[in-house]
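Here's the structure we're looking at; comments come further down.
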Amino acid sequence: MGGGTEFHIEWEEERYPEGIKWKFLEHKGPVFAPPYEPLPENVKFYYDGKVMKLSTKAEEVATFFAKMLDHEYTTKEIFRKNFFKDWRKEMTSEEKSTITNLSKCDFTHMSQYFKAQSEARKQMSKEEKQKIKEENERLLKEYGYCVMDNHKERIANFKIEPPGLFRGRGNHPKMGMLKRRIMPEDIIINCSKDSKIPSPPPGHKWKEVRHDNKVTWLVSWTENIQGSIKYIMLNPSSRIKGEKDWQKYETARRLKKCVDKIRNQYREDWKSKEMKVRQRAVALYFIDKLALRAGNEKEEGETADTVGCCSLRVEHIKLHPELDGQEYVVEFDFLGKDSIRYYNKVPVEKRVFKNLQLFMENKQPEDDLFDRLNTSILNKHLQDLMEGLTAKVFRTYNASITLQQQLKELTNPDDNIPAKILSYNRANRAVAILCNHQRAPPKTFEKSMMNLQSKIDAKKEQLADARRELKSAKADAKVRRDEKSKKIEEQLMKLEVQATDREENKQIALGTSKLNYLDPRISVAWCKKWGIPIEKIYNKTQREKFAWAIDMAEEDYEF
DNA sequence: TACAAAACTTAGGAAAGGCAGA
DNA sequence: TCTGCCTTTCCTAAGTTTTGTA
């Protein structure tokens, strides 16, 4: 792997044979969702204007809907249709014959009850809140840790997802469906043979107990919406996740060494006589230049209609031979992961442009742009170019190299700490923009900006006062007054930096790139170089996740 | 080799926590 | 001490890649 052999020995005390993830694994199993508590008698459900007492099962599902009443999606046709269909499955035959129209269902009383409940929770006394906190801590202590080989490790998600209504992101065809309650009989336990096997809740048994040390999960079950498997795995601070993370960045650093060659290669391939090779080369160019995701095919009607690079359709791009004074502009407009819109106008090389024209010839808008390509073909090719290379490595590589470059460019040695941190955030922001990590502007954004502005105004006023006092002060008081002004000046500057940062961050989410794409050693090195406390860049959780990097990187670290 | 299933990483929003100023 | 706001943590969906199977 290079670059960190010493570290390797220190952090991975034992080597494992190929594919073996652990030798010993012991845990307590999952925590199940609390059982359903029926509503008090005085909370009513109405059908067609008349009070109706629901069976426990039907009532439980009704409460899921009632809790979502304020959300826009309970008004959506698909959501309502899916919900009603699944709800009816839980009804008794009498309920089924009575309740035939969702629009005649009145959940408002139930909804009010839940609102009152959550209000009451907020108003709880200190002691009551403390009691709940202690109970959570007990649960964490008992179920939140496992032993993997010689380490006690934190488990990420030891609580089983409670039942509820499925809400996918974007325009999901399954929104509103009932996510059923997971029982011990659904659960597969994975642990080592010689460990203390977790016991199922009284009166229940596990679906299966297995001892598979070729995988890292502790618990799995199959969810009923997509039929996919869900897992309980370890926290990012664990050895097994940390090592994998480190390995990911080492792969990206290997790409750095051969990326020029790969770029030359795909540029050559734009001229290939084979259509398949040309498509592959243009797609790879997009993945590299624009940090697009690979874009696997998805089953139609099972998920929201989103795409990545290989699954782009003709309707997702527009070609402009000339636009705003630039030649050969490609306009991208599509929904990517989580139905986040990707919109970008990009000048490309003439050859790319001509190829795109060729790929689009005689096609309908809904046809695949790269009809001779998929992620498996692309990744196979990448594997030939470099061992371990896959499409997503380009995102990691380009994100990390961009951070490193931007930090070099933006950091001003004369700046104070808040200004340097602003530069760091701007470098981080450049990456988030590259990776299209967006967020909905916070609901109170405008207000919060205004609050901050009035703080700034007040501080300016204070500064003016201080300066006036300084002017009129007697010689012996000048020094003290001057110090006071300086202090206020600094505070003002800090506030102004904060305002700039917040404004620039309105629609950008920095967390995702920080957590998943940026080699933490770059940040650690930057902190060391400029004497910035690491706590200013990484919070506690992040420091735990990146413990390996904090331990390892010196100020001269180069990605 | 192709396809499906399994495993694992990446993602944004909601809820909870905690802290500063009233 | 309370309130309101920002930060952190939780939650779990939605991707990518790897593995298994015929």
Side-chain angles (χ1 to χ4, degrees), chain A residues 19 21 68 71 118 121-123 126 129 132-133 136 140 156-162 164 166-170 172 174-175 179 188 190 212 214-217 220 222-223 225-236 240-241 244-245 247-248 251 287 292-299 302-304 306-311 335-340 374-380 382-383 388-396 399 432 435-445 447-448 451-452 455 458 498 502 507-517 538-542 544:
Chain A
K21 306 288 168 61
M68 295 174 138
H71 268 109
S118 82
R121 224 169 300 131
K122 275 185 221 154
Q123 300 302 324
K126 226 184 215 164
K129 281 182 182 167
I132 290 174
K133 202 176 163 191
N136 285 336
L140 174 68
N157 54 327
F158 59 91
K159 288 180 184 156
I160 298 282
E161 297 169 20
F166 175 81
R167 172 63 177 119
R169 317 267 167 82
H172 198 116
K174 299 195 172 184
M175 66 170 89
K179 230 174 82 160
I188 302 175
N190 192 35
D212 183 356
K214 303 224 180 16
V215 296
T216 66
W217 54 267
S220 77
T222 303
E223 54 88 30
I225 304 292
Q226 317 278 354
S228 66
I229 305 171
K230 299 251 181 168
Y231 302 92
I232 292 181
M233 291 185 185
L234 297 194
N235 196 72
I240 204 156
K241 293 290 183 191
K244 197 83 190 294
D245 207 35
Q247 200 178 73
K248 173 180 79 184
T251 304
I287 284 171
L292 300 189
R293 296 187 184 83
N296 289 297
E297 301 107 297
K298 308 166 69 184
E299 212 173 324
E302 293 293 300
T303 60
T306 63
V307 297
C309 185
C310 294
S311 51
L335 297 182
K337 181 177 180 177
D338 292 323
S339 293
I340 298 291
N374 59 41
T375 54
S376 152
I377 295 172
L378 178 66
N379 279 335
K380 233 165 253 156
L382 293 176
Q383 194 60 235
L389 186 61
T390 60
K392 85 185 180 85
V393 179
F394 282 87
R395 251 168 103 81
T396 311
C435 294
N436 200 40
H437 291 143
Q438 299 188 34
R439 62 164 183 177
K443 286 191 177 60
T444 54
F445 185 82
K447 202 169 100 194
S448 118
N451 285 162
L452 195 49
K455 268 191 194 172
Q498 203 186 343
R502 194 177 296 175
Q507 307 201 62
I508 311 285
L510 298 187
T512 303
S513 52
K514 202 182 222 179
L515 238 44
N516 301 298
Y517 289 103
Y538 291 136
N539 68 30
K540 185 166 146 279
T541 317
Q542 294 165 338
E544 280 165 10

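As a basis for the values below, the full set of heavy atoms in this structure was taken, side chains included, without hydrogen atoms, waters or symmetry mates. Proteins come first, then strands; the chains are lettered A, B, ... in the order of their sequence lines, and each starts at number 1.
Between A:His172 and A:Phe166, the ring planes are perpendicular. Angles over 60° get that label, and only those under 30° would be called parallel.
Spacing between atom CD of A:Glu299 and atom C1' of B:dA4 amounts to 10 Å, rounded to whole angstrom units. For the pair A:Asp212 CG and B:dC8 C1', the computed distance is 14 Å after rounding to whole Å. A:Ile232 has its CD1 atom 14 Å from the P atom of B:dC8, to the nearest Å. Atom pair A:Gln247:CD and B:dC8:C1' shows a separation of 13 Å (rounding to whole Å applied). Summarising the geometry, the separation between CZ on A:Phe158 and P on C:dC10 is reported as 8 Å, rounded to the nearest angstrom. For the pair A:Gln438 CD and B:dG13 P, the interatomic distance rounds to 9 Å; values are reported in whole Å. Atom C1' of nucleotide C:dC11 and atom CG of A:Asn157 are separated by 9 Å, given to the nearest angstrom. A:Trp217 has its CH2 atom 10 Å from the C1' atom of B:dA7, to the nearest Å.
The 5' end of DNA chain B is approached more closely, in terms of each residue's nearest nucleotide, by A:Lys241 than by the other of A:Lys241 and A:Asn436. If A:Cys435 and A:Met233 are placed on DNA chain B by their nearest nucleotide, the residue sitting closer to the 5' end is A:Met233.
The backbone N or O of A:Ile340 lies less than 3.5 Å from no partner atom in the side chain of A:Asp338, so there is not a single donor-acceptor pair. Using modelled atom types, no side-chain atom of A:Glu302 and backbone atom of A:Glu299 make a donor-acceptor pair closer than 3.5 Å. Between the side chain of A:Lys21 and the backbone N or O of A:Lys214, at least one donor-acceptor pair lies under 3.5 Å. A donor-acceptor pair is defined here as one N or O able to donate and one able to accept, closer than 3.5 Å; such a pair exists between the side chain of A:Asn374 and the backbone of A:Ser376.
Nucleic acid contact class of A:Lys21 (heavy atoms, under 4.0 Å, all strands): sugar-phosphate only. If you check every strand for non-hydrogen atoms under 4.0 Å, A:Thr216 touches sugar and phosphate atoms only.
A:Leu515 places a side-chain heavy atom less than 4.5 Å from the side chain of A:Gln542.
In summary, the side chains of A:Gln247 and A:Asp245 do not present any donor paired with an acceptor at a separation below 3.5 Å, with no hydrogens or angles considered. A:Asn379 and A:Thr390 share no side-chain donor-acceptor pair at under 3.5 Å. A side-chain N or O of A:Thr306 and one of A:Lys298 form a donor-acceptor pair less than 3.5 Å apart.
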What's touching nucleotides 5-7 of chain C from the protein side, N or O pairs under 3.5 Å?
{"from": "C:dC5", "atom 1": "OP1", "to": "A:Lys447", "atom 2": "NZ", "distance (Å)": "3.2"}
{"from": "C:dC6", "atom 1": "OP1", "to": "A:Ser448", "atom 2": "OG", "distance (Å)": "3.3"}
{"from": "C:dC6", "atom 1": "OP1", "to": "A:Arg502", "atom 2": "NH1", "distance (Å)": "3.1"}

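Considering all non-hydrogen atoms of both residues, A:Ile287 and A:Ala294 come closest at CD1-CA, 4.4 Å.
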Counting primed atoms plus P, OP1 and OP2 as sugar-phosphate and everything else as base, spell out the protein contacts along nucleotides 14-22 of chain B at 4.0 Å heavy-atom distance: B, S or - for each nucleotide, 5' to 3'. ---------
In B/S/- notation, 5' to 3', how is nucleotides 13-22 of chain C contacted by protein heavy atoms closer than 4.0 Å? SBSBBS----
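Residue A:Tyr517 places at least one side-chain N or O under 4.0 Å from the OP1 or OP2 atom of B:dA11.
Distances were taken from every side-chain heavy atom of A:Pro162 (C-beta onward) to each of B:dG12, C:dT12, B:dA7; the shortest belongs to C:dT12. Closest to the side chain of A:Asn516, from the set B:dT10, B:dG12, B:dC8, is B:dT10.
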Decide salt bridge (Lys or Arg N to Asp or Glu O under 4.0 Å) for A:Lys179 and A:Glu223; before the verdict, give the C-alpha distance in whole Å, the side-chain angles of both, and the deciding distance to 0.1 Å. CA-CA 8 Å; A:Lys179 230 174 82 160; A:Glu223 54 88 30; over 6 Å; no
